[in-house]
Structures are given as C-alpha cells and as structure tokens.
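All residue numbers in this chain count up from 1 along the given sequence. The structure displayed is predicted, hence computed values, not measured ones.
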Amino acid sequence: PPPPPPPPPSFFFQAHPANRDPLWSRGLGDVYKRQDIDCIKMAAKRVVAAYNSGNQMVVVVSAMAGVTNNLIELTEQVNGIFDVREYDVILSSGEQTNAGLMALAIQDLGIQARSWLGWQLPIKTDSKYGRARITEIDISEIKKRIENNEVAIVPGFQGLSKENRITTLGRGGSDLTAVAIAGALNADRCEIYTDVDGIYTCDPRIVSKAKKLDKVTYEEMLELASQGARVLLSLIHISEPTRPERSGGGGVWVVKKRG
C-alpha cells in the first residue's frame with residue numbers, strides 16, 4: 001500500500017488572495033490573532049508616515065506578545081534539559097516572523113522595505129547564549145539600502161556568535177538592538193513604541209497618583225532602573241502605544257540633560 005500522507009504542519013499561515021486583510025496563523029495556540037495584525041498594520045502606518053516626512057528609517061521589531069512564551073513551552077516539552085544554542089535558535093524565530101510581517105505591511109502601503117536577520121548584517125555578539133552581549137554591528141549594507149530610500153526591518157533580540165551560531169540578548173533585547181543600531185548609524189534619535197504610555201514616577205498599577213514624565217535624563221533613568229524600574233536604555237524616546245485599543249499618551253524623551 002502507498003505510504004500515509006505526511007502530517008499537517010504544526011504552524012502555518014493562511015492568507016486569502018482575494019482579500020489580503022484576513023491574515024491568520026494556526027498552531028502554537030493561535031498565537032497570531034486579529035489584534036496582533038492590527039498592531040502590525042498600525043506600526044507600519046507610523047513608519048510610513050515618518051518616511052513620508054523625509055526620514056530614513058530602520059525599524060527594529062520584537063516578537064508578538066505571547067509568542068516567546070509559547071516557544072519556551074514547546075522547547076521544554078521536547079527536551080527539559082536543552083542545548084542553549086538550539087534554545088536561542090528557537091526563541092529568535094518570534095522576532096524573525098514579525099520582521100517579515102512588518103516588511104510586508106510596509107510594502108502594502110507602497111514603500112520599499114526589506115527584512116534583515118541578525119546574522120545577515122551581522123550583529124556580532126559574544127558566546128553567552130541566552131544573554132549575549134553585542135560586540136559589533138556591520139551597518140554597511142542597511143546603510144546602502146536606506147540611502148536608496150528603502151526601509152530596513154531588523155528583528156531585535158538576536159545576533160551571531162563567533163562560532164556562527166544564533167544568539168539571543170536576554171530581557172529587553174529588542175530595545176537594546178534598537179539603541180545599538182541607532183548608535184552604529186549615528187541616528188538623530190531612537191524611538192521606542194510599546195504598549196505602555198511612558199515612564200512614571202512610580203508604578204501606576206500600584207500607586208494611583210503616579211505621574212507620567214515628559215522628559216527624563218540618562219542619570220535619572222539609570223537611577224530608576226537601579227531601583228527596579230522595568231525601563232530602558234539611553235538615546236530613547238518612549239512614544240505612545242501601538243495597540244489599537246489604547247490612545248496616544250505623548251511619550252517620554254530620555255535625554256542627556258534637561259534644557
């Protein structure tokens with residue numbers, strides 16, 4: 001008898017050619033939902049608006065909410081004591097998927113865009129898998145592309161070790177990637193778009209009278225971080241949320257000094 005057909009893929013995208021709006025994924029617990037696609041499209045519109053204002057753009061993306069946790073669960077189900085190098089390969093795929101989706105969304109708005117993976121640039125790191133540190137970024141190719149009016153999309157959180165293995169940067173790795181690339185390109189500014197309104201004087205979920213800051217210096221930011229604040233690095237503008245259900249909050253500028 002003929003061999004049985006292969007099992008269906010555990011993760012795939014189904015797109016409707018007649019109407020590109022309904023884009024869904026199946027598998028991994030239906031990770032990509034309608035709201036996720038709306039977030040991508042809203043972010044793409046922000047990128048295109050900035051591009052049309054005369055800016056050269058590099059966009060760094062993180063994974064969709066919940067995707068990394070699903071990938072961790074899959075890894076632990078396959079092998080509870082795992083090779084951290086393979087673990088990094090698996091975890092980096094969330095950002096990789098989102099980079100491709102963002103490039104497609106920007107292209108759909110009529111702007112040239114291309115995704116670049118960390119190993120393609122490359123973003124070089126040390127070999128501390130799971131918590132690698134960036135040692136060098138080769139921006140020569142994306143610099144050529146953005147000077148040729150193309151938007152470059154880079155997945156955050158990932159790099160390439162000296163053994164030519166994929167590495168991940170640990171907590172806050174996508175923000176770190178954005179700041180590092182901005183520094184390598186000598187960019188005018190680095191903007192972080194997230195699902196919170198900005199930086200507060202204390203945790204607004206705990207203290208009802210917490211006030212959102214309009215501007216904070218590097219030193220003040222480092223002090224907040226040393227006290228446990230889950231916030232960022234230097235050279236950053238934390239802007240309003242990209243989630244459709246939240247309205248803009250104006251953002252926060254992180255600056256060298258007040259003035």
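For Glu141, the side-chain hydrogen bond (donor to acceptor under 3.5 Å, both in side chains) partners two or more places apart in sequence, or in a different chain, are Arg145. Applying the side-chain hydrogen bond (donor to acceptor under 3.5 Å, both in side chains) rule to Arg131 yields no partners; only residues at least two apart in sequence or on another chain are considered. Residues that satisfy the side chain to side chain contact (heavy atoms under 4.5 Å, CB included) test with Leu109, not counting sequence neighbours, are Ala44, Lys45, Val48. Applying the side-chain hydrogen bond (donor to acceptor under 3.5 Å, both in side chains) test to Asp126 and every residue at least two apart in sequence or in another chain returns nothing. Every residue meeting the side chain to side chain contact (heavy atoms under 4.5 Å, CB included) condition with Leu104, not counting sequence neighbours, appears here in chain and number order: Gln107. Judged as a side-chain hydrogen bond (donor to acceptor under 3.5 Å, both in side chains), and not counting sequence neighbours, Gln96 has no contacts.
Other residues sharing a hydrophobic cluster with Val207 under the 4.5 Å side-chain heavy-atom criterion for ILVMFWY residues are Ile206.
Taking the side chain as every heavy atom from C-beta outward, Thr177 and Leu169 approach each other to under 4.5 Å. In this structure, Asn164 and Trp119 have side chains that are not in contact, with every pair of non-hydrogen atoms separated by 4.5 Å or more. Counting heavy atoms from C-beta outward, Ser174 and Glu95 have side chains that approach closer than 4.5 Å.
Between atom CD1 of residue Ile142 and atom CD of residue Gln120 there is a gap of 11.5 Å, rounded to the nearest 0.5 Å. Remark: Ile146 CD1 to Leu185 CG distance equals 5.0 Å, nearest 0.5 Å. Note: Asn69 CG to Leu74 CG = 11.0 Å, rounded to the nearest 0.5 Å. Taken to the nearest 0.5 Å, the NZ atom of Lys124 stands 4.5 Å off from the CD atom of Glu136. Note that CE of Met102 and SG of Cys39 are 9.5 Å apart. Values are rounded to the nearest 0.5 Å. A distance of 11.0 Å separates OG1 of Thr168 from CD1 of Ile90, quoted to the nearest 0.5 Å.
When the options Ile139, Ile137, Ile181 are evaluated for a side chain to side chain contact (heavy atoms under 4.5 Å, CB included) with Val154, the one that passes is Ile181.
Leu91 and Val84 end up in different hydrophobic clusters when Ile, Leu, Val, Met, Phe, Trp and Tyr side chains are linked at under 4.5 Å. Linking Ile, Leu, Val, Met, Phe, Trp and Tyr whenever their side-chain heavy atoms come within less than 4.5 Å puts Met64 and Ile72 in one cluster. Hydrophobic clustering keeps Leu117 apart from Val151 (ILVMFWY residues linked when any side-chain heavy atoms are closer than 4.5 Å, directly or through intermediates). Grouping the Ile, Leu, Val, Met, Phe, Trp and Tyr side chains by contacts below 4.5 angstrom, directly or via other members, places Ile166 apart from Tyr87. Taken together through direct or relayed side-chain contacts under 4.5 Å among Ile, Leu, Val, Met, Phe, Trp and Tyr, Ile111 and Val61 form part of one hydrophobic cluster.
For Val60 against Ala178, the heavy-atom pair with the smallest separation is CG2-CA, 3.8 Å. A pairwise comparison of heavy atoms in Ser62 and Asn98 identifies O-ND2, 2.6 Å as the closest pair. What you find for Leu71 and Gly94 is that their closest heavy atoms are CD1-N, 3.9 Å. Of all non-hydrogen atoms in Ala99 and Ile153, the two that sit nearest each other are O-CG2, 3.6 Å.
Annotation: side chain to side chain donor-acceptor pair (under 3.5 Å) contacts involving residues 47-57, sequence neighbours excluded, are absent. The ring-ring contact (aromatic ring centres under 6.0 Å, His included) analysis of residues 89-118, with sequence neighbours excluded, yields no pairs.
Under 3.5 Å, the side chains of Asp88 and Thr167 contain no donor-acceptor pair of N or O atoms.
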Review item, side-chain donor-acceptor pairs of residues 155-162, under 3.5 Å, at least two apart:
| from | atom 1 | to | atom 2 | distance (Å) |
| --- | --- | --- | --- | --- |
| Gln158 | OE1 | Gly118 | N | 3.1 |
| Gln158 | NE2 | Ser92 | O | 3.3 |
| Ser161 | OG | Tyr129 | OH | 3.0 |
| Ser161 | OG | Glu163 | N | 3.2 |
| Ser161 | OG | Glu163 | OE1 | 3.1 |
| Ser161 | OG | Arg165 | N | 3.2 |
| Ser161 | OG | Arg165 | O | 3.3 |

